[in-house]
Amino acid sequence: MTDGTTWLTAAGLPDPERDRREVHRTALGVIEKFFGLSLPKDLIVNGTLPAVLLEPA
């Protein structure tokens with residue numbers, strides 16, 4: 001198993017010449033692969049996600 005830095009380097013990060021949004025998407029993709037995560041894209045794009053509103057006591 002490699003560390004996250006190796007994964008970021010393999011994805012070409014950091015790269016100050018790239019657009020911030022592209023870097024963000026790439027970094028999220030690396031995090032997704034490294035930790036084995038996935039987000040329900042259809043639910044995020046078309047639906048509503050559960051949320052919690054916290055109020056001070």
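Computation of the quantities below employed the complete heavy-atom set of this structure, encompassing side-chain atoms and omitting hydrogens, waters and symmetry-equivalent molecules.
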Item to complete: Given side chain to side chain contact (heavy atoms under 4.5 Å, CB included), test His24 with Asp19 step by step and report yes or no.
Response: CA-CA 9 Å; His24 188 152; Asp19 176 63; over 6 Å; no
Worksheet item: Rounded to the nearest 0.5 Å, how far does CZ of Arg25 lie from CD of Glu32?
Response: 13.5 Å
Discussion item. Starting from Val30, can I reach Phe35 by hopping between I/L/V/M/F/W/Y residues whose side chains sit under 4.5 Å apart?
Written reply: yes
